[in-house]
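We count ligands from 1, going down the list as the structure has it; atoms in each ligand are counted the same way.
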Amino acid sequence: MPVDVVIAGAGPNGLMLACELSLAGVRPVVLERLTGQEEENRANGLVGQVVRALDRRGLYERITGDAQPPAPAPRYMFGALPLDLSVLDDNPLYMLPVPQRRLERVLEARARELGADIRRGHELTGLSQDDDAVTVEVAGPDGPYRIEARYLVGADGGRSLTRKLSGIGFPGLTRDDGISLAAHVSIPAELVDPATGALNVPGYGPVPAFLHHRTERGLFVFAAFPGRPPMISTLEWGRSDGDAPPTLDDLRDSIRRVLGADLPFGPPEGDGPHLLRRLTGGNTRLAERYRDRRVLLAGDAAHVHSALGGPGLNLGLQDTVNLGWKLAAEIHGWAPPGLLDTYDAERRPAAMRVVMHTQAQSALIAPGPEVTALRELFAELLGEPATVRRIAGLMSGADIRYDDGGPGAHPLTGRAAPDLLLETDAGAVRLAELTRTARPLLLDLTEGASLVGDLAGWRDRVDVVAARARHAAPAALLLRPDCYVAWACGSAHPGEGEREALRAAAARWFGPPA
Ligand SMILES: Cc1cc2nc3c(=O)[nH]c(=O)nc-3n(C[C@H](O)[C@H](O)[C@H](O)COP(=O)(O)OP(=O)(O)OC[C@H]3O[C@@H](n4cnc5c(N)ncnc54)[C@H](O)[C@@H]3O)c2cc1C
């Protein structure tokens, strides 16, 4: 029997896709070449609308252990310039400081709970495809074997073998002129300001915590995450450090060059694993397409870019939330023609925006007096709330609008749904809580729940909830499983034109009525 979907890679994106597919009633096989978890922790947190996406699936609560909904961050940074988000009344930039290793553990547990078949120690080694299936070659602990699958998703990271074997190009830039050193350390307590968390570097002055700090010679970062040893890192250009494993003395020397001062620090305290890492250069590359017939790409397999500002998982995890339901719809047989191709059409442009803003940020942190002048100008622009709103929309991905529904459509069409506070017959609930099942949803807030009958032909695929909104809200929303708005209506008494548009949107995204 062919398997419906094989996912290559149990990194965060492969695991999230496994959760999404399983929620949609498809049991994927996940191949992971490592037998255990990756030793090194990469991401320190999630930044952007992805935090709301996790909340919609109940995963935010699992990660934080907090039943409160996520709140937007009051401040962040862009190109090592402070971004005061408190000036926005509709701040879209959410943050979740979670180590990647923990995120992966939560996602793996959830995927297994939902029934995904996760095979550790199984490596994808080859693939071929015809009109009906993909044949995946696997090297497993008991020897090689093959799986016939209807679809294969490569979530196997930046060096994706799936992408290479599918002949999908990965054009872009490789730079080898930046050296980044990062380490967990111990810092004398008297150097950290208890009120602000800033690090007082003797002979240099205070450096705010978490904010990337640029000088004309490089970048310095001090970050103290709760429950973990403080982390410091530097970034310098035009140097070569050789191949010897990095040491804390290398970091000391680098800080001296970047800040022109000595920072007294020692090795980290407490249980490891502790970070001591050198990264040289970096890649900015985007897959020329996200699909080759029955093979699709997601996450780093589809795009790599600078980690400045932490945009990777905001992009990748939202790829998987976009792809999961569409792939499941193909497998269940109700996908309208072209649905699966909207994955590339919607998510490649999102990646292009991330490539653009990470490159812009790289330009803003580069050394040299011209860059210092550019930063002064940019800092002035960031004094304007309109610029802050624009940058926050860009970094969070909240400025994404997929299909706008054409002329006359409600302005929310194609945008991520707001989280509304609702009253239902079963009590108060947030819209995010109604979307944990990852099914299409009609939220009917009209007078007398007048739209419920209009989707009678889609009731096998679309859930309908009648409610009253506690605050100003549209009168009705039709949501895709990724919680993007397929159709919305502002009138509490929708006319026939609006009802027709609702049925057209249901057919556009969820296929013809039964
Ligand atoms: C230093 C650093 C810091 C970062 N900080 C942040 C941050 O703060 N915030 C953020 O959002 N992002 C950050 N990122 C980016 C983030 O770590 C990546 O975007 C993320 O790991 C991508 O996840 P993925 O699942 O697509 O790929 P990966 O995490 O690379 O996972 C791919 C998986 O596929 C497996 N695999 C590979 N080949 C095969 C095969 N042939 N068969 C089977 N399995 C295979 C691998 O073993 C791996 O487990 C950072 C990255 C780096 C390098």
Side-chain angles (χ1 to χ4, degrees), residues 6-19 29-51 53-54 76-77 94-104 107-108 111 118-127 136-140 147 152-166 178 180-183 210 212 221 223 225 231 233 235 275-283 287 297-320 323 351 354 358 395-397:
V6 169
I7 300 171
N13 291 316
L15 291 168
M16 184 71 184
L17 181 62
C19 292
V29 171
V30 184
L31 303 173
E32 170 55 56
R33 68 177 171 199
L34 300 177
T35 48
Q37 242 198 332
E38 184 92 60
E39 260 292 297
E40 188 190 331
N41 185 66
R42 292 201 216 158
N44 285 307
L46 306 179
V47 182
Q49 291 282 305
V50 65
V51 179
L54 293 178
Y76 198 49
M77 60 194 159
Y94 290 73
M95 281 198 283
L96 174 55
V98 57
Q100 182 163 330
R101 283 166 58 85
R102 168 148 172 74
L103 171 73
E104 287 170 7
L107 292 177
E108 180 158 348
I118 300 175
R119 302 183 187 175
R120 288 198 162 270
H122 294 242
E123 179 171 4
L124 173 144
T125 54
L127 69 92
V136 182
E137 313 272 347
V138 186
I147 310 179
L152 165 67
V153 181
D156 43 353
R159 296 194 173 91
S160 169
L161 185 61
T162 308
R163 186 189 64 233
K164 289 172 191 161
L165 293 174
S166 307
S180 150
L181 283 166
F210 299 107
H212 292 179
V221 186
F225 293 99
M231 191 188 86
S233 66
L235 174 60
L275 176 72
L276 180 53
R277 175 178 63 208
R278 181 195 292 118
L279 293 174
T280 304
N283 292 301
L297 302 176
D300 278 16
H303 39 68
V304 291
H305 44 74
S306 157
L308 268 177
L313 289 166
N314 188 39
L315 184 61
L317 293 173
Q318 291 193 84
D319 287 348
T320 64
L323 175 59
V354 171
T358 51
M395 292 183 88
S396 65

Fill in: Met231 to Leu275 - nearest heavy-atom pair and separation
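Taking Met231 first and Leu275 second, the nearest heavy atoms are SD-CD2, 3.7 Å.
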
Worksheet item: Which heavy atom of His212 sits nearest a heavy atom of Val221, and at what distance?
Response: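 Looks like CD2-CG2, 3.4 Å.
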
Worksheet item: Protein residues near ligand 1, heavy-atom distance below 4.0 Å?
Response: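 Residues within 4.0 Å of ligand 1: Gly9, Gly11, Pro12, Asn13, Leu31, Glu32, Arg33, Leu34, Arg42, Ala43, Asn44, Gly45, Gln100, His122, Glu123, Leu124, Ala155, Asp156, Gly157, Arg277, Leu279, Gly299, Asp300, Ala307, Gly310, Gly312, Leu313.
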
Worksheet item: Any luck finding a side-chain donor-acceptor pair between Gln37 and Glu104 under 3.5 Å?
Response: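 Result is yes, a qualifying pair exists.
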
Worksheet item: Only one of Val138, Ile7, Leu165, Ile147 clears side chain to side chain contact (heavy atoms under 4.5 Å, CB included) with Leu124; which?
Response: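 Looking at Val138, Ile7, Leu165, Ile147, the match for Leu124 under the side chain to side chain contact (heavy atoms under 4.5 Å, CB included) is Leu165.
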
Worksheet entry | Partners meeting side chain to side chain donor-acceptor pair (under 3.5 Å) with Ser160 (sequence neighbours left out) |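 Residues passing side chain to side chain donor-acceptor pair (under 3.5 Å) with Ser160: Asp156.
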
Worksheet item: Judged by atom type as modelled, is there a donor-acceptor pair below 3.5 Å linking the side chain of Asn44 to the main-chain atoms of Pro99?
Response: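 Here the side-chain-to-backbone pair does not exist.
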
